[in-house]
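Everything below concerns the one structure shown next.
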Number of protein chains: 2
Amino acid sequence: MSLKYSKQRQAIWDFLKDKDTHPTADDVYLHVRQEYPNISLGTVYRNLILLRDLGQLSTVDIGDGTLRYDPCVEEHDHFVCTKCGTVLDIRTDPCEHTKMIRNTEGIFPGVVTGCRVLYSGICPSCAQNSTDD
Amino acid sequence: MSLKYSKQRQAIWDFLKDKDTHPTADDVYLHVRQEYPNISLGTVYRNLILLRDLGQLSTVDIGDGTLRYDPCVEEHDHFVCTKCGTVLDIRTDPCEHTKMIRNTEGIFPGVVTGCRVLYSGICPSCAQNSTDD
DNA sequence: AATGATATCAGTAATCGTTACTGATTTTTG
DNA sequence: CAAAAATCAGTAACGATTACTGATATCATT
């Protein structure tokens, strides 16, 4: 596929491709640097942007000022834990979005094409820990 | 109420209080500067943050890297026009969020307390203009 | 009104995430 | 192998935001 050359790009993608942890650009940088110690942060950004433009990954903005990178490009929602900041995937019935969009178009005089939902609360791990004490 | 003194803070709030246009900090700065030509951008930021912490306004992140400020603190969604960037309020039936949250808790082993929805598409004004030609 | 304590200010420097620019290096293509 | 193109590392620039500075304004008390 489009990743013909550049070990660096390959390494970036290899790191990201199985992750559901929504790493930041810096997470990617710090990891790939273990294999390519003198890779540049700019290279990481450039390739992440490139891969996104190619439709190979998606970005998640949880509103904390740093973008997360997600190997999954299928439409899904996200959950952010208000305690530890972890970002998790939420996969509701796909037609929920369609319903929401249609519903919104009923009360809004514009054309609605997409919707992104960000849930917040306490993640399973933090909920577990708080019942421990 | 809590706005006892500081003409600057009053001016910031006066500008924002009736707006449904979701101004950025810079929008606020540029406007308040007409009345107080040497107000500092830092002052604008500090007071916007303060007012948010007091629960007097809310912030909206549409993912373009700049935060919007909204005098309305009641829960509501937003719509961003992919053509002109305008941010509009979307007020669906309030129990929709409750339903979404309950629905999500059914498939997610954590505690869900909130959800924010960002719709995107073409705003009424842009939709109008595109049918003109 | 004067005093001291506190809030707030303007101005500016620093920070952070991200993007753009540079000239050098690597890969592809013929 | 040579020329063209893609990519690189390194670093500078950028925009939004935050932190720091010493100066000024406001409040409460007398």
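Naming convention: chains lettered A, B, ... in sequence-line order (proteins, then strands); numbering from 1 in each chain.
- Counting any heavy atom pair closer than 4.0 Å across all strands shown, A/L41 reaches a base atom.
- With sequence neighbours left out, A/K19 forms a side-chain hydrogen bond (donor to acceptor under 3.5 Å, both in side chains) with no residue at all.
- The CG-P distance, from A/L48 to C/dT19, rounds to 10 Å in whole Å.
- Ring geometry for A/H22 versus A/H78: interplanar angle over 60°, hence perpendicular rather than tilted (30 to 60°).
- What separates CZ of A/R9 from P of C/dT27 is a distance of 12 Å, to the nearest Å.
- Screening B/N47, B/I39, B/V44 for a side-chain contact (heavy atoms from CB on, under 4.5 Å) involving B/V28 leaves a single residue, B/V44.
- Under a hydrophobic clustering in which Ile, Leu, Val, Met, Phe, Trp and Tyr are joined whenever their side-chain heavy atoms come within less than 4.5 Å, directly or via other members, B/I122 and A/V112 fall into different clusters.
- Following rounding to the nearest Å, B/Y45 (OH) and C/dA13 (C1') show an atom-to-atom distance of 16 Å.
- Comparing B/G42 and B/K7 by the nucleotide of DNA chain D that holds the closest heavy atom to each, the one mapping nearer the 5' end is B/G42.
- Panel note: side chain A/T113, backbone B/S120; a donor-acceptor pair is recorded below 3.5 Å.
- With hydrogens and angles ignored, the 3.5 Å screen pairs no side-chain donor or acceptor of A/T66 with any backbone N or O of A/T24.
- The side chain of A/T66 lies closest to C/dG17, out of C/dG17, D/dG10, C/dA10.
- Across all strands, B/D26 comes closer than 4.0 Å to no nucleic acid atom at all (heavy-atom distances).
- One interatomic measurement links the two molecules: CG of A/D27 to P of C/dT18, which rounds to 11 Å at whole-angstrom precision.
- Distances were taken from every side-chain heavy atom of B/T43 (C-beta onward) to each of D/dC8, D/dG10, C/dC9; the shortest belongs to C/dC9.
- Note that the two end axes of the helix from C/dA1-D/dT30 to C/dG30-D/dC1 enclose an angle of 30°, each drawn from 5 base pairs, rounded to 10 degrees.
- Each of B/Y69 and B/R46 lies near DNA chain D, and the nucleotide nearest B/Y69 is the one positioned closer to the 5' end.
- Side-chain atoms of A/I49 lie closest to C/dT19 of the nucleotides D/dC8, C/dT19, D/dT17.
- Of the listed nucleotides (D/dG10, D/dT17, C/dT12), D/dT17 has the atom at the smallest distance from the side chain of B/A25.
- Set against C/dT8, C/dT18, C/dG11, the side chain of B/S6 has C/dT8 as its closest nucleotide.
- In terms of modelled atom types and a separation under 3.5 Å, the side chain of A/D53 and the main chain of A/L50 share no donor-acceptor contact.
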